[in-house]
There are 2 protein chains.
Amino acid sequence: MSHRNLQQEIGKKQPFDSLEQAAILNILRTSDIFHNQFGRLFRPYGLTPSQYNVLRILRGEGKPMPSLEIADRMVQVVPAITGLIDRLQAQNLVKRKRCTEDRRVVYIEITPKALSLLKEIDEPDLNLHRKLIGHLSSDELSELSRLLEKARASLVCTK
Amino acid sequence: MSHRNLQQEIGKKQPFDSLEQAAILNILRTSDIFHNQFGRLFRPYGLTPSQYNVLRILRGEGKPMPSLEIADRMVQVVPAITGLIDRLQAQNLVKRKRCTEDRRVVYIEITPKALSLLKEIDEPDLNLHRKLIGHLSSDELSELSRLLEKARASLVCTK
DNA sequence: GCCGATTAGTTTACACGTAAGATTGTCGCA
DNA sequence: TGCGACAATCTTACGTGTAAACTAATCGGC
């Protein structure tokens with residue numbers, strides 16, 4: 001377990017121009033690597049990270065949700081949701097239900113098949129979380145979350 | 001500037017299962033938002049974040065590089081590089097040069113046009129960095145980088 | 001010198017993410 | 001009632017990320 005820092009890791013010969021640049025690159029790089037790890041975890045179950053994310057949101061909500069509300073909770077811009085739901089529906093993991101009062105909105109409902117699939121993934125998912133950052137102390141994890149939340153504070157509202 | 005934390009931000013009603021989960025979600029979410037911001041910055045110049053990344057690597061190196069070496073410095077897996085280089089080449093921002101000694105390797109060279117484009121972007125790029133996390137103190141930035149590097153330490157070698 | 005293993009790079013197929021624009025349905029107001 | 005603004009969703013086009021399979025060139029032994 002080598003403890004190379006980011007500069008060595010990406011083979012850069014000059015030091016970073018600024019602490020800001022180093023921090024942002026660290027955020028982007030760590031995220032990419034973690035995203036990749038989760039992608040590999042979900043793959044055997046036929047899910048992508050985004051698809052898993054949608055299902056987790058639906059399970060957490062406990063009842064059908066309009067698709068735009070799902071999109072709001074993800075970082076993505078709206079149009080991606082359509083295709084995402086299409087693919088989940090093709091796997092019988094969600095159902096679309098047109099709302100009768102406002103016929104513009106489409107409710108998305110999670111299926112029992114999806115719930116049992118999620119249940120299967122729960123433990124490996126938890127294990128991966130621990131594998132990825134279980135070696136940080138509680139204090140470090142709290143501090144990390146605090147700093148990232150503070151980092152986002154400048155534009156939570158601008159999206 | 002509301003200081004909602006992640007839990008409120010994504011509308012989750014239950015607290016997180018664990019500090020690990022909260023930290024990882026914070027990393028992924030912050031990264032997505034920042035990535036998005038840089039995407040908007042580069043768009044007017046006809047570049048995507050990945051394309052900009054490739055050009056920055058080439059400028060930093062100061063001389064032509066084999067394409068796989070470029071891929072190594074990015075998070076991406078190899079095959080994506082081909083198309084990336086194709087599009088940069090179509091814009092006359094890089095050139096491909098087959099190596100004469102080892103005819104398997106293709107050297108990628110940055111063009112003067114790309115260098116002057118980068119120069120144009122340097123200042124807005126620096127400004128965005130400051131806008132995104134300039135409100136964190138030097139100590140906080142250092143601590144953030146340290147924690148993220150520590151987070152990655154468990155798998156720097158496994159990629 | 002020849003054959004298998006390795007390495008650099010490409011191709012293909014598929015799932016996203018983004019922006020821009022089109023569709024369809026609802027609402028406010030004259 | 002009719003009409004324009006708005007809202008929810010979908011469509012399209014393009015760039016990117018992933019895995020798997022393929023090509024071409026080099027290397028290592030014998």
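The model shown is predicted, which means the values in this text are computed figures rather than measured ones. When reading the values below, keep in mind they use all heavy atoms of this one structure, side chains included, and skip hydrogens, waters and symmetry mates. Order of the sequence lines fixes the chain letters, A, B, ..., with proteins taken first and strands second; residue numbering starts at 1 for each chain.
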- prompt: Can you tell me if A:Gln37 uses its side chain to pair, donor with acceptor, with the backbone of A:Phe34 under 3.5 Å?
  reply: no
Students often get this wrong, so: under 4.0 angstrom with heavy atoms, is A:Arg98 touching a base, only sugar-phosphate, or nothing? nothing
Against the side chain of B:Arg104, the closest entry in D:dA24, D:dT18, D:dT9 is D:dA24
- Do A:Leu19 and B:Ser142 touch side chain to side chain, with heavy atoms closer than 4.5 Å? yes
Atom CG of A:Leu41 and atom P of D:dA19 are separated, to the nearest Å, by 13 Å
Separation of D:dA8 atom P from A:Glu69 atom CD, nearest Å, is 11 Å
B:Leu47 atom CG is separated from D:dC14 atom C1', nearest whole Å, by 15 Å
In the 5' to 3' direction, the nucleotides of DNA chain C bounding the stretch that comes under 4.0 Å of a heavy atom in chain B are C:dT7 to C:dA19
Which of B:Leu144, B:Ile24, B:Asn26 passes side-chain contact (heavy atoms from CB on, under 4.5 Å) with A:Leu144? It is B:Leu144
Whole-Å distance, A:Ile85 CD1 to D:dT11 C1', equals 16 Å
Whole-Å distance, A:Met65 CE to D:dT9 P, equals 11 Å
Do any side-chain nitrogens or oxygens of B:Ser50 fall under 4.0 Å of OP1 or OP2 in D:dT16?
no
| query | Given side chains that start at C-beta, do those of A:Leu41 and A:Tyr52 come closer than 4.5 Å, heavy atoms only? | reply | no
Nearest-nucleotide check on DNA chain D, A:Asp86 vs B:Gln51; residue mapping nearer the 5' end is A:Asp86
Contacts of A:Asp32 and A:Ala80 projected onto DNA chain D by closest heavy atom; the upstream (5') one is A:Ala80
To the nearest angstrom, the CG-C1' distance between B:Leu68 and D:dT26 comes to 14 Å
Whole-Å distance, B:Met74 CE to D:dT18 C1', equals 15 Å
I'd like to know whether the aromatic ring centres of A:His129 and A:Phe38 sit less than 6.0 Å apart in this structure.
yes
